[in-house]
Amino acid sequence: MPQDLEKAYDPGAIEDRWAAYWVNERLFEVPSPESVPERDPFTILLPPPNVTGRLHMGHMLNQTEMDILTRWHRMCGDTTLWLPGTDHAGIATQMMVERQLAGEGKKRQDVGREAFIERVWQWKEHYGGAILGQMKRLGASVDWSREYFTMDENLSVAVREAFVRLYEQGLIYRGKYIVNWDPIQQTAVSDLEVTHEERAGKLYHIRYPLADGSGSIVIATTRPETMLGDTAVAVNPDDARYLAFHGKLLRLPLSGVNGGAEREIPIVTDSWANPEFGTGAVKVTPAHDPNDFAIGVRHNLPQLSIMDEAARIELPGSPYHGLDRYAAREKIVEDLRALDLLVDVKDHAMAIGLSQRSGAVVEPRLSTQWFVKIQPLADKAIAAVEQGHIKFTPEQYAKTYFEWMRNIHDWCISRQLWWGHRIPAWHCEACGQITVSRADKPASCAECGSAAIHQDTDVLDTWFSSGLLPCSVFGWPKHTRDLDIFYPTSLLVTGFDILFFWVARMIMLGCHFMLEMPMANGDKRTLKDAVPFREVYIHALVRDADRQKMSKTKGNVIDPIEIVEKYGTDAVRFTLAAMASPGTDIAFSEARTEGYRAFANKIWNAARFIFMNEERAALGGVEVSRNTLIDSFGPDENAPIEARWIVSRLNHTAADVNEALSEYRFHEAANLVYQFFWGDFCDWYLEIVKLRLDFTENADKRAAKAALTTLLATFEAALRMLSPFMPFITEELWHALYNGNPPAKSIALSRYPQPFDEALDLAVESEMATLQDLIVNIRAARKELEVPERESVPVRVRTTHDNSFGDALLIIQRLARVSTLDPVENIEGSGIRSTPAFDVQVVYERTVDVAAERERLTKELAQFEKEQANAQRQLANEGFLAKAPAHIVDGIRKRAAELVILIEKTRRSLDQLG
RNA sequence: GGGCGCAUAACUCAGCGGUAGAGUGCCACCUUCACACGGUGGAAGUCGUAGGUUCGAAUCCUGCUGCGCCCA
């Protein structure tokens, strides 16, 4: 006996149970296969969430899309692996623990590096990885047995190997460069970790006197405080105003320390100086500005650092020593004004760099860092996409990717943090040389053999380790069977915000390292198989209902878990899927989710109806064996119209859904399933099938059983079709349908409906469409005559072909509440509805509201006439007839012929109204 | 400054060369024995603007207006 279901669907009552079931039964685990499977597996990596993070809508969209695809592939019979893990997130995690320490009044330096790292691990055990727990609750069908953390031993080995190899290949170097310095975190950050913001600033015009006293030059700057580090002033070589100044020396104001002499700096010519900007003369501070740094290199200028790691002036003996950069700015401007050297101050909007993590204004700083020489890696990464080995959806992102890749800068990979993969380089105290080693600690300096060596204190950028994941999670640098089977992964689903951070770097590192690894059969690997994934699907942003970006400061952040608890996971997933049109941001609206909760309830109640009828059938001695469900599928040609129709529609929908999913058109797939389930199945098929489910004494039990069988089989298949989108409710109902004894442990392990061509029946679909049209027209006519809902009325109908409705009679009577259906040759009077296929009239004593009827008919007539005019214009156009495709011309001809009849009928109806 | 998008029904969005679509909302009627998280019927759009290409443009091209994103 099918289970008793509650009257309304309550997601909360079943979701936790199934979420736990899927994890506990280890349904989605994929052990390393014994051998390479014949068909390519479907492999997908979860973009590892930050270990400090909590689930937001972006994650949920990302995971919903991945889960739909993963479940779909799995149900299509592919070996399907979705691999989860977490990112150690250097700065973010270190900040969490530093905050914790601050609560105890301590700094990380107080506890020391080793103890600090120990605390980070403790923190991670207690609070880390919340997102993965939330994913379990949301039913993500990942392989939990393969869960990784980027600081795991095996992944750390891979990181070290990658570093050493790149170093040995000459692709990692250490050098003194200007980097983006975060003065709060006191570490370098990469270009990508800096966001630019427009701020109101000032442009200061400052006079620098010539050393020989013969005059002066006025420079313009937004950062007067850095003048203490100036080592030149630059003018454009073509700037006529300054020709006389070329090569002269200036006396740098305020540069005398302890009353000493002021420094002298040269005027250099450099085309970077823009004559249009400010005064056309710029100060050059090589140690505190990236552009000035470049000028400095071109002109061989000294690099004078004047700030410490906290962005305070560091000039012992000077009155500015120890001042914060902004305090120093004020004092310097004041002093310049006192010396009458401040010529002008103008308002000036400028873009400043902010550290993404701490929010600090980034200070360009000269320091020694580790870099990856990126061009050789970028070349391969560009080629991989150019040659089509990686496909982007939407395609336009390939453009963005090329744009960035072709203007790439060397990658600063060192971070002055404690939490992360420590750089495997040792400095020799004896000879000063560097030893780079795979070993935990090399015994001695590779250069001079001295044992006095110490490891570099920096750690690697977190993205350096996550960039290796597609290889390292499968065992790289070892040549494993997992790598043979699962690499390259099939697809990457992610947001555009990490296109450069992560996607591009995975492509660069994957192509670089995997080219060195032979194929499973020993052949040399080419770029085609060195890529980390074959396709990239990039989704858009989830915004709030007013299309505003969600942000904590605005307070418009929608917590997915809250929404899930309110409406159910399936409804939220369906909302995201139905709105996930490639390339378009999603304005998440609860109203929409409400609608999809109703959809879940609709399905639930369809199941109740079906189960109820099964019970009635059983009382009448009719039972449908579950074993025959799949075989009995496909009604014979004598089956009633609705049976042949619903099966055709199911196959039609399955074909379209499969195609939509293969092209990542989630919204289309979701809408197709929705329309089939609610529109075709519930609104029409269920209503009609009620007529057949008669299990009383004298009924035709064979026909009733056949109807019940088709009903069950269609519903079962529809559940499977919906399952990737709504895994919870479909799992529950599928088990219920099989009385708790299903053919597989989960609907997720059953097969996805595939279209059978034999089941497609366009003739019956068209026949049914006419029938639906007829019913809708009768219903509309009834409304107009204000026939009470319950009352059955006689109807007259004239059709163009045969006048025997046969099978359809009963359906019309039931669905349109018709008492008798009289076929007539001619219809006269009022209340007539016409289509090209039929005219129909509801016979009801109430006279029509003449005015309303006239309005409706007049409006309709105008519509027809407008359409007819259009059609005639086209058909009179020789260009159209000559150039338009035949099926379009035929379509218009046919429609024009219909319109003639419709217009005539409508006119006659209007006449008869008087 | 360079690059990339978007403007379609009250709202949120599909459609992207061949007669304007969906969900929600709105109006009216219906507590019909699966479902009021329901049923039935209905109203609602000169597809931002001005040109161009085409037999034909919401759909392709150009200018304009207004938003948005990325990179300097």
Side-chain angles (χ1 to χ4, degrees), chain A residues 5 7-10 191-192 195-196 290-291 351 353 394 396-397 399-400 402-404 407 496-497 499-500 540-541 543-549 567-568 571 574-575 578-581 583-613 665 667-668 670-671 674-675 678-679 682-683 686-687 690 775-784 786-791 814-817 856 859 863-864 866-868 870-871 873-885 887-889 891-892 895-896 898-899:
Chain A
L5 303 181
K7 190 172 171 186
Y9 174 51
D10 175 15
D191 292 346
L192 287 174
T195 53
H196 294 272
N291 293 308
Q396 61 185 71
Y397 282 105
K399 254 194 241 173
T400 315
F402 285 133
E403 193 67 24
W404 185 74
N407 297 295
F496 61 85
D497 49 333
L499 182 59
F500 307 137
L541 221 60
R543 298 166 176 278
D544 75 2
D546 302 318
R547 299 197 94 255
Q548 295 292 306
K549 220 173 183 170
Y567 299 102
F574 209 87
T575 308
M579 299 186 82
S581 177
T584 310
D585 283 353
I586 293 176
F588 189 90
S589 78
E590 270 194 53
R592 204 67 188 261
T593 311
E594 239 177 280
Y596 292 124
R597 176 180 61 181
F599 178 50
N601 188 57
K602 187 78 180 173
I603 293 160
W604 183 262
N605 277 286
R608 286 182 67 216
F609 169 79
I610 293 166
F611 296 160
M612 193 188 86
N613 275 284
R665 298 198 310 264
H667 72 285
E668 202 177 301
N671 283 324
Y674 181 94
Q675 260 145 33
W678 201 318
C682 290
D683 286 348
L686 280 188
E687 291 307 320
K690 282 175 182 172
I775 290 167
V776 167
N777 271 285
I778 297 172
R779 284 168 175 170
R782 287 174 52 106
K783 289 277 180 195
E784 205 160 38
E786 292 177 26
V787 179
E789 297 281 338
R790 297 175 151 202
E791 197 169 321
R814 166 81 175 232
L815 268 63
R817 290 202 175 255
R856 179 180 70 81
K859 211 165 160 184
Q863 184 87 24
F864 288 148
K866 189 177 152 200
E867 207 186 321
Q868 189 185 40
N870 281 338
R873 191 178 332 117
Q874 286 193 78
L875 290 171
N877 184 332
E878 281 176 36
F880 173 74
L881 296 175
K883 293 180 183 175
H887 74 276
I888 297 294
V889 179
I892 299 216
R895 184 60 184 161
E898 284 174 6
L899 285 164

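Order of the sequence lines fixes the chain letters, A, B, ..., with proteins taken first and strands second; residue numbering starts at 1 for each chain.
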What's the gap between B:A36 and B:U31 when it is taken at their C1' atoms, as a whole Å value? 8 Å
Would you call A:Glu789 and A:Lys783 a salt bridge, taking side-chain N to carboxylate O under 4.0 Å as the test? yes
Among B:G41, B:A44, B:C37, which is the nearest nucleotide to the side chain of A:Asn601? B:C37
Choosing from B:G42, B:G18, B:U32, which nucleotide comes nearest the side chain of A:Phe880? B:G18
Rounding to the closest angstrom, what is the interatomic distance between B:G48 and B:C6 at atom P? 12 Å
Would you measure the distance from the C1' atom in B:G45 across to the matching atom in B:U40 and give it in whole Å? 25 Å
Between B:G3 and B:G63, how many Å separate the two P atoms, rounded to a whole number? 12 Å
Watson-Crick or G-U counterpart of B:U12, or none if no pair lies under 3.5 Å: B:A22
Please name the nucleotide paired to B:A28 by Watson-Crick or G-U wobble geometry with both distances under 3.5 Å, or report none. B:U40
Distance in angstrom units between A:Trp678 CH2 and B:C35 P, rounded: 14 Å
Does a side-chain N or O from A:Arg779 land closer than 4.0 Å to OP1 or OP2 of B:G41, or not? yes
Can you say whether a donor on the side chain of A:Lys690 sits under 3.5 Å from an acceptor on the base of B:A34, or the other way round? yes
Say you draw a straight line from CG of A:Asn671 to CZ of A:Arg665; how long is it, rounded to the nearest 0.5 Å? 12.0 Å
Rounded off to whole Å, could you give me the CG-to-C1' distance for the A:Asn671 and B:C13 pair? 10 Å
Closest nucleotide among B:G18, B:C4, B:U24 to the A:Tyr674 side chain: B:U24
Using atom C1' of each nucleotide, how far apart are B:G68 and B:A9 to the nearest Å? 23 Å
Mind checking the CZ-CZ spacing from A:Arg779 to A:Arg782? Nearest 0.5 Å is all I need. 9.5 Å
Considering only atom C1', compute the distance from B:A14 to B:U59 and round it to an integer number of Å. 13 Å
Tell which nucleotide pairs with B:C60, taking only Watson-Crick or G-U wobble pairs whose two distances are both under 3.5 angstrom. B:G52
Residue pair A:Tyr9 / A:Asn605, side-chain heavy-atom distance below 4.5 Å: no
Nearest-Å distance once atom P is located in both B:C60 and B:C47: 15 Å
Within this structure, what is the CG-to-C1' distance between A:Asp10 and B:C35, rounded to whole angstrom? 15 Å
Given atom CD of A:Glu784 and atom P of B:A28, what is their separation to the nearest angstrom? 18 Å
May I ask you to test the A:Ile892-A:Phe880 pair for a side-chain heavy-atom distance under 4.5 Å? yes
Side-chain donor or acceptor of A:Glu687 under 3.5 Å from a matching atom on the base of B:A34? yes
Rounding to a whole Å, what distance do you find between A:Met579:CE and B:G15:P? 13 Å
Whole-Å distance between B:U31 P and A:Asn605 CG? 20 Å
Is there a side-chain polar atom (N or O) of A:Lys602 under 4.0 Å from OP1 or OP2 of B:G39? yes
To the nearest angstrom, the CD-P distance between A:Glu789 and B:A28 comes to 15 Å
Would you confirm whether the ring centroid of A:Tyr596 sits within less than 6.0 angstrom of the ring centroid of A:Tyr567? no
Whole-Å distance separating the CZ atom of A:Phe588 from the P atom of B:C11: 20 Å
Distance check, P atoms only: B:U49 and B:G25, in whole angstrom units. 29 Å
Return the nucleotide paired to B:G68: Watson-Crick means purine N1 to pyrimidine N3 with N6-O4 or O6-N4, wobble means G-U with N1-O2 and O6-N3, both under 3.5 Å. B:C4
